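A short write-up of the structure that comes next.
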2 protein chains.
Amino acid sequence: MPNATPFQTGLRQHRRKLTRGRQVILDIITQATRHLTPAEIYRQARDKYPQLGLTTVYRTLDLLVELGYAQRVHLEESCHSYLIATRAHGHHLVCSTCGRAEEFAECDVNALVRLLESRTGYAIDAHMIELMGKCPNCQTKLRAHNARKK
Amino acid sequence: MPNATPFQTGLRQHRRKLTRGRQVILDIITQATRHLTPAEIYRQARDKYPQLGLTTVYRTLDLLVELGYAQRVHLEESCHSYLIATRAHGHHLVCSTCGRAEEFAECDVNALVRLLESRTGYAIDAHMIELMGKCPNCQTKLRAHNARKK
DNA sequence: TTTGTAATTGAAAACGATTTTCATTTAGAA
DNA sequence: TTCTAAATGAAAATCGTTTTCAATTACAAA
């Protein structure tokens, strides 16, 4: 099979199938200059492929992220947890295992901000830095757990 | 009224009232070392104050953020938009007006990561940098709109 | 202390996004 | 062409959040 697209190849490697819906969804996010929500993608996709279901859009997006063809953008809306405010400008270091969080104030993004403003023309007015890792407690537990396994 | 807490003072300044529910919720997030979802806060709060409603938890959290007593943490789960993957390690600059997004690869967080690892003992394995601002298009539109107003 | 009023509340319903279920269809290897 | 695991769409279920509304409450002013 000559001229297979990277997407076709990637799917075959994972024993997944290329379907019309998947192709349409990939085309849409490939051509977009904007991040799109599942609902927006669904609306656009139906113009090209009316019987497509919203369920399939969700499933396809998960697949595209899993295979590395799409990425998620995190926005300010919804999906929050809350933490007491201790500093005016806090970023977070969150434990991916237990959810414990440390706040930190250091963030030297000024150089980055200036670079990107001149490259893109954006007027940048806010930033968010979130670090993820394992807290000391969870590291200890994990080590103990692994030792027990042997 | 002597010995007013900062919370009491802050509420009075905004003509808001101090209620049992609000105090209980603030106490919970003050004592937590972990970020908590509204549902988690609700569960804990009901132990101390059984008739509290979940609605009030949501409203109180909004209030606490508005007055600066709490802050939101952004997590990996839910609330996503999607973008085509063009680089292995992409961060985003998102226009807060139209949603257009630029991807960038520069992120010199190594120094920050090392500093925080030694300070907190965390093993940091991932990070997310999201910048927000206005794209050139939206800046132009906004300027035209403001000029028309005068 | 009492009163008046705007702020706050809880319960229920509405809502929007996402996931699950399940019977049917389909891509693609054999 | 056949066969089977993968994928699908429709409907229902689920989850988190917001809205509505009538009843209650905090607290400033009398």
Side-chain angles (χ1 to χ4, degrees), chain A residues 1-5 7-26 35-46 48-67 69-70 72-82, chain B residues 1-2 4-5 7-26 35-46 48-67 69-70 72-82 99:
Chain A
M1 183 172 303
N3 293 335
T5 65
F7 185 43
Q8 288 176 321
T9 311
L11 285 173
R12 199 165 316 120
Q13 282 172 358
H14 288 83
R15 292 215 191 85
R16 314 303 283 275
K17 295 175 181 175
L18 177 62
T19 60
R20 177 101 187 274
R22 289 180 175 176
Q23 189 62 60
V24 167
I25 291 168
L26 180 64
H35 56 86
L36 299 171
T37 62
E40 289 170 328
I41 293 166
Y42 176 58
R43 247 178 281 127
Q44 290 192 31
R46 295 200 90 179
K48 299 184 190 178
Y49 187 37
Q51 80 252 39
L52 181 72
L54 180 55
T55 314
T56 301
V57 174
Y58 278 99
R59 288 192 279 225
T60 299
L61 289 171
D62 285 346
L63 177 70
L64 290 175
V65 170
E66 188 191 325
L67 300 188
Y69 295 100
R72 296 183 221 270
V73 179
H74 301 267
L75 301 178
E76 278 285 344
E77 298 131 31
S78 305
C79 81
H80 294 132
S81 281
Y82 293 84
Chain B
M1 186 171 302
T5 65
F7 186 43
Q8 288 177 320
T9 311
L11 285 173
R12 199 164 315 118
Q13 283 171 356
H14 293 264
R15 292 214 193 83
R16 315 301 286 274
K17 296 174 182 175
L18 177 61
T19 61
R20 176 101 187 273
R22 289 179 176 177
Q23 188 63 60
V24 167
I25 291 168
L26 180 63
H35 57 86
L36 299 171
T37 62
E40 288 171 328
I41 293 168
Y42 177 58
R43 249 178 279 126
Q44 290 192 30
R46 296 200 89 180
K48 299 183 188 178
Y49 187 35
Q51 81 252 40
L52 182 72
L54 180 55
T55 315
T56 301
V57 174
Y58 278 98
R59 289 191 279 226
T60 300
L61 289 170
D62 286 346
L63 177 70
L64 291 174
V65 170
E66 187 191 326
L67 299 188
Y69 295 100
R72 294 183 222 271
V73 179
H74 301 266
L75 301 178
E76 278 285 344
E77 299 130 29
S78 308
C79 79
H80 293 134
S81 281
Y82 293 83

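Bear in mind that the values here come from a model prediction, so they are computed numbers and not experimental data. Residue numbering restarts at 1 for every chain, and letters A, B, ... go by the order of the sequence lines.
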In whole Å, what is the span from the CG atom of Leu63(A) to the P atom of dA6(D)? 13 Å
Can you name the atoms? Protein N/O to nucleotides 21-26 of chain D N/O, anything below 3.5 Å, with the distance.
unit_1  : atom_1 : unit_2   : atom_2 : d
dA26(D) : N3     : Lys17(B) : NZ     : 2.9

Listed nucleotide nearest any side-chain atom of Pro38(A), set dG9(D), dT18(C), dA7(C): dT18(C)
Check: Gln8(B) side chain, Thr5(B) main-chain N or O, donor-acceptor pair, under 3.5 Å: yes
Start with the C-alpha gap between Val57(A) and Leu61(A), add the side-chain angles, then the distance that decides, and say whether side chain to side chain contact (heavy atoms under 4.5 Å, CB included) holds. CA-CA 6 Å; Val57(A) 174; Leu61(A) 289 171; 3.9 Å; yes
Would you indicate what Leu52(A) reaches in the nucleic acid, counting non-hydrogen atoms under 4.0 angstrom: base, sugar-phosphate, or nothing? sugar-phosphate
Roughly, in whole Å, what's the span from CG in Leu36(B) to P in dG16(D)? 14 Å
Take Tyr42(B) and Arg16(B), find for each the nucleotide of DNA chain C with the closest heavy atom, and name the residue whose nucleotide sits nearer the 5' end. Arg16(B)
Nucleotide dA11(C), atom C1' - distance to CD of Gln51(B) in whole Å: 13 Å
If I take atom CD in residue Gln13(B) and atom C1' in nucleotide dC27(D), what distance separates them, rounded to the nearest angstrom? 16 Å
Search all heavy atoms of Pro38(B) against all heavy atoms of Leu54(B) and return the closest pair with its distance. O-CD1, 4.3 Å
Tell me which nucleotide among dA6(D), dG9(D), dA28(D) gets nearest to the side chain of Arg12(B). dA28(D)
Measure from the side chain of Tyr58(A), starting at C-beta and using heavy atoms only, and say which of dT18(D), dT18(C), dA6(D) lies closest. dT18(C)
Could you check how far CG of Leu11(B) sits from P of dT8(C), rounded to whole Å? 8 Å
So do the side chains of Asp62(B) and Glu66(B) get within less than 4.5 Å of each other, counting heavy atoms only? no
For Gln23(A), give me all partners under side chain to side chain donor-acceptor pair (under 3.5 Å), at least two apart in sequence or on another chain. Asp27(A)
Sorted by chain and number, sequence neighbours left out, ring-ring contact (aromatic ring centres under 6.0 Å, His included) with Tyr42(B) holds for none
Taking only residues two or more places apart in sequence or in another chain, which ones pass side chain to side chain contact (heavy atoms under 4.5 Å, CB included) with Arg22(A)? Phe7(A), Leu11(A), Arg16(A), Thr19(A), Thr60(A), Leu63(A)
Calculate the interatomic distance between Arg22(B) atom CZ and dT8(C) atom C1'; express it in whole Å. 6 Å
I need the CG-C1' distance between Leu54(B) and dT19(D), as an integer number of Å. 14 Å
Whole-Å distance separating the OH atom of Tyr49(A) from the P atom of dA7(D): 14 Å
